[in-house]
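Counting begins at 1 with the first residue of the sequence.
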Amino acid sequence: MEKEYDTYQVSKNLIRLTKKVYLITFISGLIALGISLLAEYFTVLIVLFIYMASAAIFNFIMFVNNLQYICYYKENRNTLILRSLLLLINIPTAILIYIIIESFTTI
């Protein structure tokens, strides 16, 4: 017997997952900022590269997934749009972290 596909529950799970991905990437950015302020220049480059690459990949995957869900279903559409925009806030955050690191580090 097949289970009925509950789009409302799926949308609620997607909202929670989007919030978790945003918080994880934001907190990892703050950790990368802390490490970068205390480490030498080469370590800073490695840490920032890993943070920016992982944040970009995870946020892009979640953003595309949310857009796909928003286009096909109507349940919780407004909330998903807002959470997707929250993921996009990580882009200026990463740029700001990079600017702060560059202002504190010299070659």
Side-chain angles (χ1 to χ4, degrees):
M1 191 188 288
E2 287 185 33
K3 286 187 174 181
E4 186 176 317
Y5 184 69
D6 185 14
T7 57
Y8 181 77
Q9 187 62 35
V10 171
S11 68
K12 284 294 194 184
N13 290 339
L14 191 58
I15 289 169
R16 276 186 244 126
L17 182 63
T18 303
K19 185 177 180 181
K20 287 178 185 176
V21 167
Y22 168 76
L23 289 174
I24 288 169
T25 55
F26 183 75
I27 290 171
S28 67
L30 293 178
I31 292 170
L33 175 65
I35 290 171
S36 299
L37 291 176
L38 299 174
E40 59 186 46
Y41 189 73
F42 183 72
T43 308
V44 169
L45 290 178
I46 300 296
V47 168
L48 284 179
F49 176 75
I50 292 171
Y51 161 69
M52 292 180 111
S54 64
I57 290 169
F58 288 127
N59 286 335
F60 179 74
I61 290 171
M62 283 304 302
F63 186 73
V64 169
N65 191 25
N66 287 352
L67 283 181
Q68 190 176 27
Y69 192 89
I70 289 167
C71 291
Y72 290 128
Y73 304 104
K74 293 182 180 178
E75 288 83 11
N76 294 319
R77 187 175 279 177
N78 292 336
T79 307
L80 274 173
I81 290 171
L82 291 175
R83 295 291 164 93
S84 297
L85 293 175
L86 190 66
L87 288 173
L88 292 177
I89 291 175
N90 270 337
I91 295 170
T93 304
I95 293 170
L96 182 64
I97 288 172
Y98 178 75
I99 291 171
I100 291 171
I101 297 302
E102 280 298 313
S103 68
F104 281 111
T105 58
T106 57
I107 297 178

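Taking each heavy atom of Y69 and E75 in turn, the nearest pair found is CE2-O, 3.9 Å. Among all heavy-atom pairs drawn from T25 and A55, the shortest one is CG2-CA, 4.0 Å.
Inter-residue side-chain proximity for Y22 and M62 is flagged as unmet; no heavy-atom pair is nearer than 4.5 Å. Within the 4.5 Å cutoff, no side-chain heavy atoms of L86 are placed close to those of T18. Side-chain contact between L67 and V64 is absent, with no heavy-atom pair separated by less than 4.5 Å. Side-chain contact between V21 and I24 is absent, with no heavy-atom pair separated by less than 4.5 Å. Annotation: side chain of L82 is not in contact with side chain of N78 (no heavy-atom distance under 4.5 Å).
Side chain of N65 to backbone of I61: no donor-acceptor contact under 3.5 angstrom is found. Distance alone, capped at 3.5 Å, is enough to place a donor-acceptor pair between the R77 side chain and the I70 backbone.
Within the model, atoms CG of L33 and OG of S28 stand 11.5 Å from one another, a figure rounded to the nearest 0.5 Å. With rounding to the nearest 0.5 Å, the separation of CG in L14 from CD in Q9 is 11.5 Å. To the nearest 0.5 angstrom, K12 atom NZ is 14.5 Å from L17 atom CG. To the nearest 0.5 Å, the span separating CZ on R16 from CZ on R83 amounts to 10.5 Å. Atoms CG and CG, from L80 and N66 in turn, are 5.0 Å apart once rounded to the nearest 0.5 Å.
No single ILVMFWY cluster, assembled from side-chain heavy atoms under 4.5 Å apart, contains both F26 and I31. Using a 4.5 Å cut-off between side-chain heavy atoms of Ile, Leu, Val, Met, Phe, Trp and Tyr, with links allowed through other members, I89 and L30 fall into the same hydrophobic cluster. Hydrophobic clustering, with ILVMFWY side chains joined whenever heavy atoms are under 4.5 angstrom apart, keeps Y51 apart from I27. Under a hydrophobic-cluster definition in which Ile, Leu, Val, Met, Phe, Trp and Tyr are linked whenever side-chain heavy atoms come within less than 4.5 Å, directly or via other members, I35 and L48 are assigned to different clusters. Hydrophobic clustering, with ILVMFWY side chains joined whenever heavy atoms are under 4.5 angstrom apart, keeps F60 apart from L87.
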Go through it in stages, so that I can follow the logic: the residues are I50 and V47, the test is side-chain contact (heavy atoms from CB on, under 4.5 Å), and I'd like the CA-CA distance, side-chain angles, deciding distance and then a yes or no.
CA-CA 5 Å; I50 292 171; V47 168; over 6 Å; no
